[in-house]
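Quick notes on the structure that follows.
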Amino acid sequence: MFDHIDPRSPTPIYAQIADRVRLAVAAGDLRAGEGLPSVRALAGQLRVNPATVVQAYRDLERDGLVEMRQGAGTFVADVAVETRARERAAAAQRFVRQMLTEAARLGLSPTDLRLALERDLPESK
Amino acid sequence: MFRQILFTQFRWTRTLLLLMAVFTFVVPTLSWNLGGNVFAAGLAPIAVMNGFSTVGPMLVLGAWTLGFLLVALPWGADSQSRHVYALSLPIPWSQYVAMRFGAGAITLLVPTLALWLGSWLVVAMIDMPPTLRAYPGLLALRFFLGTLLAYALSFLLQYLAGRRAAVVLLVLLVAVFGLGMGLSLANQHELLVRITLWFIDWPGPFSVFASEWRLIDV
Amino acid sequence: MSDAIKIRNLAWRAGRDFAIRDLAMTVPTGAIYGFLGPNGSGKTTTIRLMLGMQQASDGSIEVLGHSVPRQAHKALARIGYVPERLHLYQGLTVEESVRYHRAFFPTFDATEAERLRKRFGLREDALVAKLSKGEAGKLMMLLALSQRAELLVLDEPTDGLDPVIRREVLSALVEYVDGAKATVFISSHLVHEQERICDWIGVMDGGRLIAELPMQEFRSGIKRLRVHKAPVSRDATPFALLSRETPTQHLEEWVVRGWQPEMQEWFARVGAEVRDVQDLDLEESFVELLRGSRVATTTETR
Amino acid sequence: MCESRATLPRRVAVGVLCIGLLGGSSRLTAQDSLLPARASAAALRAELDRAEREADSLKERVDALASEKEALFTGRFEAGGRTVRFIPGDLTDADRRIIEEGLTRAEASLRARYGDDLAPFRDPVVWSARSLGPNNPRGTFLSAHRRSNAYWGPRDFNMTQPTVELVEAIALDQAGRNLVDRAPRISEFTRSTLVLNDGRRRFARAGREMALSYASAGRECVAGSPAACRAVLTLPGADGGLSLYFSPADYRSVVTSGELPPTADSAQFAARRRCLAGSDTACVTAVAALSRVPNPFSGTLRSTAVEVALELGGRDAPTRLVTTRDGSALQILATVAGVTEDSLVRAWQQRVRTAMDAESPDAGRDGVTVAAWSLLILFGATRRKP
């Protein structure tokens with residue numbers, strides 16, 4: 001789940017971690033009540049500052065996606081279906097925005113993008 | 001803490017200590033062999049005493065060699081990392097140096113004990129006239145003191161000046177000392193002679209070498 | 001005491017070519033402080049001064065509340081130190097090295113040392129002289145971590161290690177930091193190593209600390225701008241201009257520090273237009289920062 | 001004039017002169033008693049005048065020679081009632097004070113033991129001191145004396161007052177040498193050695209020499225036999241002391257140290273070989289064949305007996321030493337000491353054994369010295385970090 005954390009990406013590491021969790025929750029890979037790895041274990045696994053993991057978990061908690069229980073660990077909260085859908089939409093939106101920024105840098109017009117997208121999307125075939 | 005310092009000291013110098021112990025054990029026996037007259041008069045005290053005047057200087061030489069190497073080997077181990085480890089230990093530098101010094105001084109006991117044993121063995125084989133006494137313990141003590149002094153001196157040179165400078169200074173010292181001795185034997189009045197005399201006259205540092213190292217005495 | 005390390009006005013000189021001048025540095029307690037700088041920039045010297053192994057010619061150093069070098073040994077009792085080169089005695093075995101080290105550090109945890117030894121796969125009876133570079137690095141890290149130190153000072157701890165060992169070592173370090181709430185001071189010229197773990201960054205170059213700031217600020221504050229119709233003058237910019245290049249005729253690329261989105265207005269006022277704002281990763285930021293500082297130094301001296 | 005104290009050349013000159021004058025006047029007295037004729041009286045007067053003139057010119061010549069010789073000595077002054085000369089010496093006032101003190105001490109030491117009787121034997125005291133120059137602005141003594149007089153090594157010398165001891169020791173040595181030179185028997189006995197200073201050490205050394213000797217007389221003497229001691233103090237007769245010093249058990253060592261004559265035959269060589277290989281009977285034969293047996297005891301050893309005799313004899317002892325000419329050395333020494341030969345031997349034996357006990361080696365001082373130096377050195381070694 002946390003395989004492709006990229007420290008060189010402009011996106012802060014804590015945000016990357018939080019995104020992964022969000023996506024997993026939205027996709028239903030993580031179910032309510034399921035435990036997330038401990039801060040220490042995750043920091044050790046990713047070789048990142050433990051504070052970074054804590055920050056990611058805090059962000060998720062603020063958004064109501066996880067619960068941090070003192071001494072016990074961090075668990076996925078009971079998330080409503082709409083919330084999950086909203087998370088998914090938000091994730092998709094972030095992805096598209098990122099793509100657009102990159103495209104602008106490469107000088108690709110929105111039309112170019114739309115054509116490329118339609119060609120690769122399975123339904124359009 | 002000191003036990004570990006002692007342990008490393010011993011680890012680095014154990015071969016040297018063993019060789020020296022063999023050497024000091026053999027020296028008294030040599031004195032009995034070199035004494036001449038052995039076959040003619042049996043193991044007479046005079047033979048041992050004469051022999052000892054020949055091998056006695058070997059003990060002094062041994063004391064200096066041992067003293068120097070006993071500093072150089074641990075210094076070498078420490079300087080391999082440019083003393084980073086020693087400096088990063090949470091004790092004041094002076095305490096570290098003092099412990100290293102103390103550990104080296106304690107290991108001096110190994111060749112000293114060997115000398116004592118060797119002397120004791122030779123003495124036990126001599127038919128001592130009632131008017132003479134043997135001093136195996138005292139000889140061993142003299143050797144210990146002499147070695148300690150040689151050790152302390154090369155310790156000072158090494159820790160104050162580093163390796164290369166230590167060798168240079170030691171050679172210089174020995175040269176001045178030897179030259180002074182030579183000149184004094186040749187009856188020359190020179191400053192060197194006076195310096196040499198200052199060193200070997202009590203309470204000069206080398207007075208322990210100037211006194212007589214004898215196994216048998218009145 | 002909120003700062004683990006506090007250095008002020010530090011000065012030190014070696015020969016004619018290298019000097020540390022007026023160095024000030026603050027490492028907050030609990031931080032993981034990345035000490036960046038190219039080889040030969042003075043990182044190791046600063047660390048040696050910090051640990052009282054060399055004597056500064058001027059300035060004050062306070063480590064864990066102890067003034068260095070006078071009370072260096074008191075500070076050292078609470079510091080785990082991993083130097084850039086192997087400093088342990090070659091003639092001892094791993095086990096003997098651990099025992100020797102343990103005798104000096106009051107807080108040394110022998111069970112932890114044993115656990116780490118197994119985890120790192122070090123053989124007890126292996127001679128230090130016979131260890132591979134990676135094993136030697138692990139052994140040094142093992143000793144420093146088993147000390148239960150409040151401050152870890154690591155000088156290029158992973159330099160020259162292969163990626164697998166580097167991972168092992170860094171994981172152990174990160175876990176230790178979380179468990180012991182220790183401060184870590186880690187020097188490296190390998191930038192992306194620091195990128196993951198550090199929350200503070202100090203950048204050293206040519207004997208001077210050219211930047212010291214929280215990682216977040218460091219990363220978000222340095223941007224590459226594409227500027228159309230760039231103004232000739234670069235005076236009175238609200239940000240620090242680190243470099244300026246002209247890849248095409250109409251566009252200039254500016255690397256700036258301390259960028260805020262509101263600063264777009266400044267360009268509008270001078271008749272220019274910012275076409276694009278690019279984030280830089282740590283390595284790029286670091287390179288640009290060094291470049292900027294070096295340009296500034298040469299113009300200063302001119 | 002004949003009683004005046006003077007330096008050596010002058011004393012020699014004056015002495016020659018005095019003897020000449022006294023001899024002349026005694027001859028005159030003898031001829032007066034014969035009541036000779038006037039003519040012979042006039043001739044005698046003329047002869048006397050001539051003798052006087054000769055004596056005067058001799059005196060002048062001697063004086064001239066003396067002053068010429070004295071001119072070679074650039075340093076010269078009175079100290080402790082005596083004149084001290086230096087060859088060639090530049091002396092500072094500081095040196096003079098030290099020398100004076102040293103001589104006064106030597107004088108006091110001699111006077112305490114022998115009264116004024118040793119006075120004629122004290123002079124001359126001639127020192128060779130160096131012109132010291134800029135390298136040695138204090139003009140202190142260099143150590144030549146100490147080496148030439150075997151004052152080498154810390155056990156011999158108390159360095160707290162080196163120069164004073166130096167002066168004292170040399171003044172006493174010189175007195176001893178002068179004294180023994182005038183007694184031929186004793187000179188032969190001690191091989192011209194007599195040192196009146198630093199007694200205990202030499203007595204201990206004498207004891208060590210005897211204890212380690214291959215001659216049983218020496219070993220038995222330190223072990224307590226007065227007869228053996230008497231043998232040690234006796235110079236041997238024609239047989240080289242074989243019966244005097246050695247017991248048959250010593251013969252093997254005697255054979256080792258002695259020489260066979262060039263004329264020795266093969267049987268004698270064979271006896272020697274068999275003796276060295278362990279045959280006691282062969283040793284008796286081999287010893288008998290020896291051409292020469294070296295004396296196993298040194299003159300220095302025997303000279304300690306002279307010291308004992310001088311001490312026992314007190315005030316007049318030095319005079320008696322020089323004037324007693326008859327008898328063996330031991331008999332002369334008994335006369336000097338004013339006791340029987342046996343008591344002298346016993347007293348000497350006692351002195352040797354006491355000195356041996358007191359002289360046993362001791363490393364206490366060395367221990368303290370080395371410990372102090374090592375600590376000082378260690379302190380120095382902690383001063384600098386690498």
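Proteins get letters first, then strands, A, B, ... in listed order; numbering begins at 1 in each.
Looking at Val169(C), there are no atoms closer than 4.5 Å to chain A (heavy atoms on both sides), in backbone or side chain. Neither the backbone nor the side chain of Arg275(C) comes within contact range of chain A; no heavy atom of the residue lies under 4.5 Å from a heavy atom of that chain. Looking at Gln278(C), the atoms closer than 4.5 Å to chain A (heavy atoms on both sides) sit in the backbone and in the side chain alike.
In plain terms, the two heavy atoms of Gly44(A) and Ser171(C) that are nearest each other are O-OG, 2.7 Å.
Of the listed residues (Val174(C), Ile197(C), Asp199(C)), just one forms a side chain to side chain contact (heavy atoms under 4.5 Å, CB included) with Pro50(A), and that residue is Val174(C).
With sequence neighbours left out, the ring-ring contact (aromatic ring centres under 6.0 Å, His included) criterion links Tyr14(A) to no other residue. With sequence neighbours left out, the salt bridge (charged side-chain N to carboxylate O under 4.0 Å, His left out) criterion links Arg119(C) to Glu175(C). Glu67(A) pairs by the side chain to side chain contact (heavy atoms under 4.5 Å, CB included) definition with Arg69(A), Ala77(A), not counting sequence neighbours.
Rounding to the nearest 0.5 Å places CG of Leu46(A) at 12.0 Å from CG of Leu170(C). Atom OG1 of Thr52(A) sits about 8.5 Å away from atom CE of Met215(C), to the nearest 0.5 Å.
Side-chain atoms of Arg47(A) do not come within 3.5 Å of backbone N or O of Arg196(C) as any donor-acceptor pair.
Within a 6.0 Å sphere centred on CZ of Arg20(A), other residues, nucleotides and ligands contribute more than 12 heavy atoms. For Lys6(C), the NZ atom is loosely surrounded, since the number of other residues' heavy atoms within 6.0 Å does not exceed 12.
Residues from residues 24-40 of chain A that place a non-hydrogen atom less than 4.5 Å from a non-hydrogen atom of chain C comprise Val39(A), Arg40(A), given in numerical order.
Contact count versus chain C (heavy atoms, under 4.5 Å) is highest, among Ile5(A), Val48(A), Ile13(A), for Val48(A).
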